[in-house]
Amino acid sequence: MPRVVFGVGGRARVAAEAERLGIRRLFAVCTPGRADTVRELLRTTGRTIVGVFDGARQHVPIADLEAARIAEAAAKPDGYVSIGGGSATGFAKALALGTGLPIIAIPTTYAGSEVTPVWGMTDRGEKTTGHNDRVLPRTVIYDAELTLTLPPNVAAASGMNAIAHCVGALHSPDSDPITSLFAEEGIRTMAMALPAIARTPDDITVRSHALYGACLAGLALGSVRMGLHHRLAHLLGGTFGLPHAETHAVLLPYTVLLKIPDAPDRKVRIARALGCEDAVAGLFALARRAGAPESLRAVGLRRDQIAEAAVRAADIERSAGNPGREAELRQLLRAAYAGEPPDPGAHG
Ligand code: NAD
């Protein structure tokens, strides 16, 4: 687990944390349009910023990563600081995978990547992921002030992504009591924070709660293997170019419904954490209350892609030891495409 610095104004600790890690030449990574914010933020830290790469994109496309490597080679850093969501963290991780240099992560969404040793890259529509301790950030700074600019609808999708990590951890064959505790508390915290962010986006306390939930969700994600939900979301993101968090947010109630016959006890834990009777209906309602997107159509899937996505997803499930799921997956994708309430009769 990385060293965690949690608190409003925590960004002021970048210099001290770099010092602890022996970093003299920081290379910053962020998403497009945020370079000035990042420069301004780092200006006050008194550290040498030898370069800023502001081309981080979701799913770490190889061509963009190459551009980051070229910028990095010119800057000759001895450490990275990623400031932003999972895309910024993901690029810093992909660079660190090659160099082994330390990362200070300053997350500004609820992706949770900052506390996992998981990396991902996409090459010609195929997303590859792996685990490597080299990419695990050494220090994570959670500063809720930096999340005040995260639009409530992006926060909603990102928070549902964090809940998906928790649900995935509860369902995982690797789950243990500690991971399950993180997961259940992560769901509970996010389920309280997300509707509150939608109502009062400037409330620093609820933004802090959401970061706490994101950290727990990331710890749960990093401890176990994920299942069908994550494989399906990665397929839709990597191959069909759908946005990461939004896709997770839409899929979650449908994938939980599909998995429930295998795991009634998990359903109870999810419902308990959500504070409702039924896990599937609770997740569906929460996403809507928080303002997350409501259908795969709304996040960019085309109707004519459903059949191909179902075939590919069934292939992936077959490789994971779950054969014969194509019809169920097609039905799931159709319902999620339309944003229909998940039908408990759908999977027998
Ligand atoms: P993102 O990082 O792309 O951010 C979404 C949008 O929000 C971007 O446009 C970004 O510029 C903007 N943004 C971020 N913070 C902001 C702020 N404070 N104010 C205003 N705008 C802000 O999206 P994400 O969902 O955080 O991350 C998705 C990526 O993370 C995907 O590539 C996914 O695969 C990866 N991920 C990896 C892991 C892991 O453990 N390896 C875990 C979760 C997600």
Side-chain angles (χ1 to χ4, degrees), residues 2 11 29-38 41 54-62 64-65 82-94 96-97 103 105-122 127-137 140 142-166 168-169 186 197 201-202 204 207 210-211 214-215 217-226 229-239 241-249 292-293 299:
R11 60 188 181 278
V29 183
C30 63
T31 39
R34 310 201 76 228
D36 287 346
T37 313
V38 164
L41 195 154
D54 68 348
R57 293 204 295 126
Q58 299 207 348
H59 311 302
V60 190
I62 290 284
D64 300 284
L65 178 60
S82 63
I83 303 177
S87 298
T89 317
F91 264 70
K93 284 176 157 183
L97 187 64
I103 301 171
I106 309 183
T108 65
T109 70
Y110 313 129
S113 175
E114 65 280 358
V115 289
T116 82
V118 182
W119 57 266
M121 288 175 204
T122 307
K127 183 159 182 177
T128 310
T129 59
H131 281 65
N132 193 317
D133 284 341
R134 283 186 126 189
V135 310
L136 181 68
V140 180
Y142 290 102
D143 181 345
E145 232 159 42
L146 298 176
T147 66
L148 287 171
T149 50
L150 190 66
N153 63 324
V154 182
S158 189
M160 291 305 295
N161 183 199
I163 291 178
H165 299 155
C166 297
I197 290 173
D202 297 333
I204 193 83
R207 296 279 191 169
L211 276 182
C215 176
L219 290 171
L221 169 73
S223 309
V224 297
R225 278 170 299 167
M226 289 284 139
H229 171 88
H230 277 70
R231 290 192 288 270
L232 189 53
H234 279 182
L235 169 74
L236 294 176
T239 306
L242 266 52
H244 178 83
E246 288 76 2
T247 303
H248 275 273
V299 300

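All ligand and atom numbering here is 1-based and tracks the order in the structure.
Using a 4.5 Å heavy-atom cutoff, the side chains of Thr116 and His165 are not in contact. Within the 4.5 Å cutoff, no side-chain heavy atoms of Val38 are placed close to those of Asp54. For the pair Arg207 and Ile197, the minimum side-chain heavy-atom distance is below 4.5 Å. The shortest side-chain heavy-atom distance between Glu114 and Pro2 does not fall under the 4.5 Å cut-off. Between Tyr110 and Leu211 the shortest side-chain heavy-atom distance falls below 4.5 Å. Residues Pro137 and Lys93 are in side-chain contact: their nearest non-hydrogen atoms beyond the backbone lie under 4.5 Å apart.
From the protein, the heavy atom lying nearest to atom 6 (C) of ligand 1 is Val154 CG1, 4.4 Å. Protein heavy atom in closest approach to atom 22 (C) of ligand 1: Leu150 CD1, 3.6 Å. In terms of protein heavy-atom proximity, atom 15 (N) of ligand 1 is closest to Thr108 OG1, 2.6 Å. Leu146 O, 2.9 Å is the protein heavy atom nearest to atom 18 (N) of ligand 1.
Those atoms of ligand 1 that come under 4.0 Å of a heavy atom in Ala245, given as number and element, are 25 (O). The distance from ligand 1 to the heavy atoms of Gly85 drops below 4.0 Å at these ligand atoms: 2 (O), 26 (O). Taking every non-hydrogen atom of His59 and a distance limit under 4.0 Å, the qualifying atoms of ligand 1 come out as 31 (C), 32 (O), 34 (O). Close contacts of ligand 1 with Val118, meaning ligand atoms under 4.0 Å from a residue heavy atom, involve 39 (C), 40 (O), 41 (N). Near Ser113, meaning under 4.0 Å from one of its heavy atoms, ligand 1 places the atoms 37 (C), 38 (C), 39 (C), 40 (O), 41 (N), 42 (C). Close contacts of ligand 1 with Ala111, meaning ligand atoms under 4.0 Å from a residue heavy atom, involve 26 (O), 42 (C), 43 (C), 44 (C).
The shortest heavy-atom distance from His234 to ligand 1 is not under 4.0 Å. Under the 4.0 angstrom criterion for non-hydrogen atoms, Arg57 is not in contact with ligand 1.
Here's the thing with Ala88: none of its N/O atoms is less than 3.5 angstrom from an N/O atom of ligand 1. Looking at ligand 1, you'll find an N or O of Gly86 within less than 3.5 Å of one of its N or O atoms.
Closer than 4.0 Å to atom 9 (O) of ligand 1 lies none of the heavy atoms of the protein. Distance screen at 4.0 Å: atom 12 (C) of ligand 1 has no protein heavy-atom neighbour inside the cut-off.
Note that OG1 of Thr108 is 4.5 Å distant from CZ of Arg34, once rounded to the nearest 0.5 Å. How far CG of Leu232 is from CE of Met226: 14.5 Å, rounded to the nearest 0.5 Å.
Applying the 6.0 Å contact sphere to CG of Asp36 captures no more than 12 heavy atoms from other residues, nucleotides or ligands. The number of heavy atoms from other shown groups lying within 6.0 Å of CZ (Arg57) does not exceed 12.
Between His234 and His248, the ring planes lie perpendicular to each other; the angle is over 60°, past the 30° to 60° tilted range.
Within the 4.0 Å heavy-atom criterion, the part of Lys127 lying near ligand 1 is the side chain and not the backbone.
Looking only at distances, no side-chain donor or acceptor of Thr147 sits under 3.5 Å from a matching main-chain atom of Asp143.
Heavy-atom proximity to atom 4 (O) of ligand 1, evaluated over Thr109, Leu221, Leu148, is greatest for Thr109. Nearest to atom 23 (O) of ligand 1 by heavy-atom distance, out of His230, His244, His131, Gln58, is Gln58. The heavy atom nearest to atom 20 (C) of ligand 1, out of those in Thr149, Val135, Thr116, Thr31, is found in Thr149.
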